[in-house]
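Some notes on the structure that comes next.
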2 protein chains.
Amino acid sequence: MTGVWLRPQRPSRSGPPLHRDRIVTAAVELLDREGVGGLTMRRLAEHLDAGPTTLYWHVATKDDVVDLALDHIFGEVRLPDGSAGDAGSDRDWRVDVEGLLLDWRAAMLRHPWSAALLGRPMLGPNVLTRTEFLQAALQRSGLVEPDLGAATHALANYVIGSAVTLSSWQRLDAPEPREAARDHLATQRDRYPTLVDTGHLDDRDWEDTFRRGLTYLLDGLPTRT
Amino acid sequence: MTGVWLRPQRPSRSGPPLHRDRIVTAAVELLDREGVGGLTMRRLAEHLDAGPTTLYWHVATKDDVVDLALDHIFGEVRLPDGSAGDAGSDRDWRVDVEGLLLDWRAAMLRHPWSAALLGRPMLGPNVLTRTEFLQAALQRSGLVEPDLGAATHALANYVIGSAVTLSSWQRLDAPEPREAARDHLATQRDRYPTLVDTGHLDDRDWEDTFRRGLTYLLDGLPTRT
DNA sequence: CGGGTTCTAGAACGCTGTTCTAGAACCCGA
DNA sequence: TCGGGTTCTAGAACAGCGTTCTAGAACCCG
């Protein structure tokens, strides 16, 4: 019930023409091309030259497909090289953390639908591997519980929140509605003086904004270095 | 196109039995009681003793209802008292920020569906008012652009990410699947040593965790105080 | 070659958001 | 008091959705 991850993969014989990997790849393609609304069991099947019902042999429900697709794209997040395992390593933890999180954010923005589908527990292997890496790096910084766990969650949540906010804003795909929103805000300068004066809805360097926030967070961690 | 906020409210004559406010209230009730899947135009109409199609006179699309419902619950977020407007005030900006964000998080957790529906631009008046308050408080701390905007976004995104993560995890409403997930993780101690050892999926004091993260972030801000 | 598992697929169910169309209810000026 | 135009309600219908049921192909192995 908790997701695909706890259920066993269907045992296959040799090379069934339709297996999970193909399904996931096709699902991601569909999502990338047409957005959340474009992912339909029927269209996904069609895209795989199969009948719609066939999918249900390999997958229990549409949510499974979504879970798999989500975890799939997190596989794109590069783990800064060097084995994450050796906790005694003297690699710069901060460089590792920043690299991981910047890449995490980039992956989500490359697949903007991911932000909209995030409201489900992420327990896939790719996500867990990245989280493990993150927490291991933070441990190297000297953090201990309960700050270690809190820092892990804080950083992960910061990335997730940033991606959700930004890609929902960008999903207004045409610049036109963005401008409309901006104009509308500018109208109400008496109500939102600070927001209007600092151009809260204006385009800005989002990557720089993200980096700054990340810096604040890392600077504030009670590390031992 | 960008949402309800830019379109004018339907001009009404005196007291039409079905107006936006009633619709929004009913929608929130429905969402609270039955979750995201429980909100249906038909059920919403039924709940209002109206025909399903009647709704479409007051609202252009279901997304409108969602946008309105979302902004509605953010109206529950208390603005720490004292007018936010006077930038010269010597109120403790940090107390204000912490109060606002804790309440923001609480409102989202009170309505867990909000996290799942967040993947849309939030431009409603309640959200904007809270954001304005947040940024005004940060301005009092001495922050200036570009750090001011970056801090605003960082804090808002942190809250959003935290709420999304936590309520998606809690949405596995029975403890049973949570335990299953934990057990499954414990199995793979070789793969995720740090996560397993720190009990990454175990229950923890989430409010405390959130507060810590908030502290790190605030501590790291390049304020002038 | 035969039998059981693995895999595919068509038809159908109940549900969804939304539109079309028609008509009721109401306000206001004559 | 009436008439007409606006405001509001609603039934029927459309295309599409996720999913299940059922039947039958395709394949592996003894």
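Numbers restart at 1 for each chain; the letters A, B, ... are given by sequence-line order, proteins then strands.
In this structure, the CD atom of A/E46 is 17 Å from the C1' atom of C/dT8, given to the nearest Å. In this structure, the CG atom of A/D63 is 12 Å from the C1' atom of D/dT19, given to the nearest Å. Spacing between atom CG of B/L55 and atom C1' of C/dT16 amounts to 14 Å, rounded to whole angstrom units. Rounded to a whole Å, the NE2 atom of A/H58 is 8 Å from the C1' atom of C/dT8. Straight-line distance from the CH2 atom of A/W57 to the P atom of D/dC27: 16 Å, rounded to whole Å. One interatomic measurement links the two molecules: CG of A/L48 to P of C/dA9, which rounds to 11 Å at whole-angstrom precision. Atoms NE2 (A/H19) and C1' (C/dT8) sit 16 Å apart, rounded to a whole Å.
Contacts of B/L44 classified as side chain to side chain contact (heavy atoms under 4.5 Å, CB included), with partners at least two apart in sequence or in another chain: B/I23, B/A26, B/A27, B/L30, B/L39, B/L48, B/L55, B/V65. Under the rule for a salt bridge (Lys or Arg N to Asp or Glu O under 4.0 Å), the partners of B/D208 that lie at least two apart in sequence or sit in another chain are B/R212. Annotation: side chain to side chain contact (heavy atoms under 4.5 Å, CB included) contacts of A/T53 (sequence neighbours excluded): none. In this view, A/Y216 satisfies the ring pair (Phe, Tyr, Trp, His ring centres under 6.0 Å) rule with no residue, not counting sequence neighbours. Remark: A/H47 engages no residue in a ring pair (Phe, Tyr, Trp, His ring centres under 6.0 Å) (not counting sequence neighbours).
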Note, DNA chain D 5' to 3' with Watson-Crick or G-U pairs under 3.5 Å encoded as ( ), [ ], | and . gives ||||||||||||||||||||||||||||||

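Applying the 4.0 Å criterion to OP1 and OP2 of C/dA9, one finds that A/T54 has a side-chain N or O inside that range. Contact between the side-chain N/O atoms of A/T61 and the OP1/OP2 oxygens of D/dT19 is found at a separation under 4.0 Å.
Remark on DNA chain C: of its neighbouring residues A/D49 and B/A60, the 5'-side contact belongs to A/D49, judged by nearest-heavy-atom nucleotide.
Taking the centre and axis of the six-membered ring of A/F210, the NZ or CZ atom of A/R105 falls inside the cone set by 45° and 6.0 Å.
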Distances under 3.5 Å between protein N/O atoms and the N/O atoms of nucleotides 14-17 of chain D, please, pair by pair.
residue	atom	partner	partner atom	Å
D/dC17	OP1	A/T40	OG1	2.9

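A salt bridge (Lys or Arg N to Asp or Glu O under 4.0 Å) check over residues 38-60 of chain A, counting only residues at least two apart or in different chains, returns the pairs A/E34-A/R43. Within the structure, the salt bridge (Lys or Arg N to Asp or Glu O under 4.0 Å) test picks out no pair touching residues 51-61 of chain B (sequence neighbours left out).
Taking a 6.0 Å sphere around CZ of A/R110, one finds it holds more than 12 heavy atoms contributed by other residues, nucleotides or ligands.
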